[in-house]
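The next block holds one structure in the form of structure tokens; read it before the comments.
Side-chain atoms are counted along with the backbone in the values below, which use heavy atoms only and exclude waters and symmetry mates. Because the structure is a prediction, the values reported are computed rather than measured.
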Number of protein chains: 2
Amino acid sequence: MLRGTKKVPVSSKLPLDQILVGDCVEHMNALPENSVDLIFADPPYNLQLRGELHRPNNTRVDACDDAWDQFSSFAAYDRFTRAWLAAARRILKPDGAIWVIGSYHNVFRLGAALQDLDFWILNDVVWRKTNPMPNFRGKRFTNAHETLIWAGKTEAGKYTFNYEALKELNDGLQMRSDWVMPICSGGERLKNRAGEKAHPTQKPEALLHRVIVGTTNPGDVILDPFFGTGTTGAAARRLGRHFIGIERESDYIEVAQDRLARVVPYEADALKVTGSKRAEPRIPFGSLVERGLLRPGEELWSFNGRHKAKVRADGTLIAHDARGSIHQVGAALEGAPSCNGWTYWHFRRDGQPVPIDMLRQQVRSEMQE
Amino acid sequence: MLRGTKKVPVSSKLPLDQILVGDCVEHMNALPENSVDLIFADPPYNLQLRGELHRPNNTRVDACDDAWDQFSSFAAYDRFTRAWLAAARRILKPDGAIWVIGSYHNVFRLGAALQDLDFWILNDVVWRKTNPMPNFRGKRFTNAHETLIWAGKTEAGKYTFNYEALKELNDGLQMRSDWVMPICSGGERLKNRAGEKAHPTQKPEALLHRVIVGTTNPGDVILDPFFGTGTTGAAARRLGRHFIGIERESDYIEVAQDRLARVVPYEADALKVTGSKRAEPRIPFGSLVERGLLRPGEELWSFNGRHKAKVRADGTLIAHDARGSIHQVGAALEGAPSCNGWTYWHFRRDGQPVPIDMLRQQVRSEMQE
DNA sequence: TGGAATTGTGAATCCCGAT
DNA sequence: CATCGGGATTCACAATTCC
């Protein structure tokens, strides 16, 4: 950069597309604040609730009768949770967001901690497993789902949400908060050299695909503080996003490195996703009049045929008892708080009503040429 | 009882099949400890709604903005929650259990409080709504589920779980932790004299039916500290269980009294049968991409080999001069009004064209397992 | 009277850029 | 920071009205 006033992109200070070895809180504290677009975290589900049921002398602790012990283990989990969540929040960009995943053992601690740390929950999402492990003893319901929480850094944050892309992924219906997906098995399930599963809770890449397509843009930086065998990194790399992984266990890192080396990113033009109408260039209604697509004095009709208005030379409308923009007049005539005049108003062509939005499309396509 | 040593059943001291008017903590504190078999609680969700919300057709959403759902802070909500949960726990029998229901606004507070008070979580259960209210502004996922938590009074408690009955309810398959049910509407939705909904958040009786059949026995006592319009009482009475309802609002109590008076308990042979099996599950094309069965950037060919298109990451196709869903692009390329993309498009496997419908069949068979 | 079309509605933390 | 105003945004049912 020649000009000293030009800002260096914060991502240039980040260890992109790497796995950092060690404690996630320490590593996150060493990263610059407000630098990461998304965090995906699959933290340990259950620290020691079962494992600590024995005292050092091997006598068994009746945990449910021992309120202090019970409390202390949840308290320890809460301390751990709040430490890494606070570190994660610092490095998130103001418009960033976080996903966490858990089961009933830990997800209530996670959610409460998120709220207490001023994250703003956007949705909880249920991963409904098509092929869960049955309950062998017949003592409870089949534990057939896990819960994800999606939260913005703050209430005011303008989080990324690719609504139209997600709608396409769901065959034209808006995506719901329950996602049906199989667990990670078969060829996708990574094995170690001994042929055993390399990680006890490997997540399916399909889950990360939906998270990443839905809530990030190409080129974004996604950090996973509990990287494991690298599902987040693999999906990010495939989808043209950057990742930062943090992991303590060298066995997992080894498997993840192998995996990432084999990932082939999708081609760039396949990553373009159905866009939002808000992103399209704004066309003032008046420009239709200027271009002669509508004539001052011409009559427009509401979509339901109940109201009409006349076009004026300055691109406003005048009706029986209302005047103003296409939106304002539509809203006034319908007694509605607002109105999209582009779809509300129709003109006549060959006797047929045509929405004026058709003319806007025409202008937009002319602009692209 | 002739013999003085014979214990008087504790339920004889209980105000069975009645609605207690007033604060639930005070009423629960006045009941004998270890006396109730099950508690079902649908507490305020603390929705924290801001302004008004309108549907795209400009009608206003009738929000749950009642005073009883307003809390000044999470800390205030937690104090409220822990107070009623502690009172509830005292009156539960040692082998008793509790169900609570909530949304992401409050359910993490509920779950954490249950754990902190030494309840023992048995399952979280997701109510997947078949007909939720959509997200009108396209800014989040459709909030299509609510969460129930089922917990024993203690870890050691021998809670009631009618495994076989639930299995029968589920067509011979073990009951899962996700329950698919419609919201309460139509004739079941109670109205007040003005014809408005009598309660903003009335729960479907089907939900309570499953809870009660699955986790109580006939003759058990079920207490609901937030009785509302009495769904718990109605389902309990129908199923031959006792209820105790607690409610503050006289409007709700009046409706609930009417309702309960009309409930006719089931006879054994009058139990309703679950509905017929649904049609084959819909598989969005996008889920094939998410699952890695098709790769973004991969080329598809029309069945006649005349056209090709590329898969994008959001499950849309892009061809030379068309983009959109598999059906839309097929129709555009053929100049046809419509097109079944599942049979139109083929991918290459071992040099041979294979219809993408083959992949859909594969996903369907995985879902049935 | 029957089918089609229209209207109503549900626990909702629901916009965003320019000035 | 607040205000203004353009204009983007919905799925499954049930109930009602229309033809």
Side-chain angles (χ1 to χ4, degrees), chain A residues 95 115 119-124 150-152 154-156 158-159 161 163-164 167 170-177 275-280 282-286 304 315 324-331 336-345 356-357 360, chain B residues 42-66 68-71 74 101-107 127 129-147 181-189 191 195-197 199-204 226 228:
Chain A
D95 292 338
Q115 291 176 317
F119 286 96
W120 189 249
I121 296 182
L122 298 165
N123 277 112
D124 63 335
W150 175 43
T154 68
E155 180 177 357
K158 298 185 192 306
Y159 54 90
F161 185 59
Y163 176 75
E164 293 79 11
K167 196 171 173 178
N170 194 32
D171 262 2
L173 293 181
Q174 70 177 203
M175 187 69 79
R176 298 169 40 116
S177 60
S276 155
K277 287 186 187 172
R278 290 184 214 276
E280 292 188 45
R282 205 170 68 81
I283 308 292
F285 175 71
N304 52 23
S325 73
I326 52 173
H327 316 294
Q328 289 167 336
V329 175
S338 70
C339 173
N340 183 344
W342 290 106
T343 53
Y344 181 81
W345 292 109
I356 59 175
D357 201 34
R360 182 170 64 159
Chain B
D42 181 13
Y45 284 13
N46 187 25
L47 285 186
Q48 302 171 271
L49 303 179
R50 301 288 194 250
E52 290 196 336
L53 180 65
H54 291 85
R55 300 184 182 80
N57 65 3
N58 274 323
T59 58
R60 197 179 68 85
V61 174
D62 183 17
C64 177
D65 53 1
D66 303 74
W68 50 255
D69 199 48
Q70 312 291 328
F71 293 84
F74 281 125
I101 181 168
S103 67
Y104 68 84
H105 309 81
N106 71 325
V107 76
W127 168 26
K129 303 179 185 182
T130 57
N131 50 350
M133 186 161 67
N135 184 286
F136 295 118
R137 307 303 292 268
K139 300 306 294 180
R140 302 186 179 192
F141 299 96
T142 313
N143 202 352
H145 74 277
E146 295 189 29
T147 302
M181 292 179 186
I183 61 176
C184 181
S185 67
E188 187 186 341
R189 191 75 192 230
K191 306 286 195 292
E196 304 156 329
K197 59 187 176 191
H199 192 284
T201 69
Q202 186 184 342
K203 296 295 177 289
F226 307 98

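Among the atoms of the strands shown, only primed sugar atoms or phosphate atoms (P, OP1, OP2) are found under 4.0 Å from some heavy atom of A:R360. If you check every strand for non-hydrogen atoms under 4.0 Å, A:S325 touches sugar and phosphate atoms only. In this structure, A:L122 reaches neither bases nor backbone, as no heavy-atom distance under 4.0 Å exists between it and the strands shown. In this structure, B:G187 reaches the sugar-phosphate backbone alone: every heavy-atom distance under 4.0 Å involves primed, P, OP1 or OP2 atoms, never a base. Residue contacts shown for B:N135 include a base, since a base heavy atom lies under 4.0 Å away. Across all strands, A:Y163 comes closer than 4.0 Å only to sugar-phosphate atoms, never to a base (heavy-atom distances). Heavy atoms of B:K203 sit under 4.0 angstrom from at least one base atom. Within 4.0 Å of A:Q328, counting heavy atoms only, lie sugar-phosphate atoms of the nucleic acid but no base atom. In this structure, B:D62 reaches the sugar-phosphate backbone alone: every heavy-atom distance under 4.0 Å involves primed, P, OP1 or OP2 atoms, never a base. Using a 4.0 Å heavy-atom cutoff across all strands shown, A:P337 reaches no nucleic acid atom at all. Here B:S103 lies out of heavy-atom contact (under 4.0 Å) with every strand.
Computed from coordinates, the B:R140 CZ to C:dC15 C1' distance equals 12 Å when rounded to whole Å. The distance between atom CZ of B:R55 and atom P of D:dC11, rounded to the nearest whole Å, is 14 Å. Rounded to an integer number of Å, the gap from B:D65 CG to C:dG10 C1' is 14 Å. Spacing between atom NZ of B:K197 and atom P of C:dA11 amounts to 6 Å, rounded to whole angstrom units. Counting to the nearest Å, the P atom of C:dG8 and the CE atom of B:M133 are 17 Å from each other. Put simply, CH2 on B:W127 is 7 Å from P on C:dA11, counting in whole angstrom units. In this entry the distance linking NZ of B:K139 with P of D:dT10 reads 12 Å, nearest Å. In this structure, A:K277 places its NZ atom 16 Å from P of C:dC16, rounding to the nearest Å.
Ion pairing between A:R360 and A:E280 fails under the 4.0 Å rule for side-chain N and carboxylate O.
Pairing for D:dA8 is absent, with no Watson-Crick or G-U wobble pair whose two atom distances lie under 3.5 Å. Across the strands present, C:dC14 finds no partner; the criterion is a Watson-Crick or G-U wobble pair with both atom distances under 3.5 angstrom. In this structure, D:dC13 and C:dG8 make a Watson-Crick or G-U wobble pair, each of the two defining distances being under 3.5 angstrom.
Nearest-nucleotide positions on DNA chain D for B:T142 and A:I283 put A:I283 closer to the 5' end. In this structure, B:N131 and B:G138 both approach DNA chain D, and ranking their closest nucleotides by distance from the 5' end singles out B:G138. DNA chain C is contacted by both B:F74 and B:T59; B:T59 maps to the nucleotide lying nearer its 5′ end (nearest heavy atom per residue).
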Verify side-chain contact (heavy atoms from CB on, under 4.5 Å) between B:F136 and B:H54, making sure each step is shown before the conclusion.
CA-CA 8 Å; B:F136 295 118; B:H54 291 85; over 6 Å; no

Is there a side-chain contact (heavy atoms from CB on, under 4.5 Å) between A:D124 and B:H145 once you walk through the steps?
CA-CA 9 Å; A:D124 63 335; B:H145 74 277; 3.0 Å; yes

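For the residue pair B:H105 / B:S103, a side-chain donor-acceptor distance below 3.5 Å is found, with atom types taken as modelled.
The ring of A:W120 lies on top of the base of C:dT13, close enough and flat enough: under 5.5 Å between centres, under 30° between planes.
For B:N57, the side-chain atoms get nearest to D:dT10 when compared with the rest of C:dC15, D:dT10, C:dT13. Distance from the side chain of B:P56 is smallest to D:dT10 among D:dG7, C:dA12, D:dT10.
Residues A:Y159 and A:W150 place their aromatic rings such that the two centres sit under 6.0 Å apart.
Under the 90° criterion around 0 for the glycosidic angle, D:dT16 counts as anti.
A donor N or O paired with an acceptor N or O is found under 3.5 Å between the base of D:dA8 and the side-chain atoms of A:S338.
When the C1' atom is used for both C:dG10 and C:dC14, the distance is 15 Å, rounded to whole Å.
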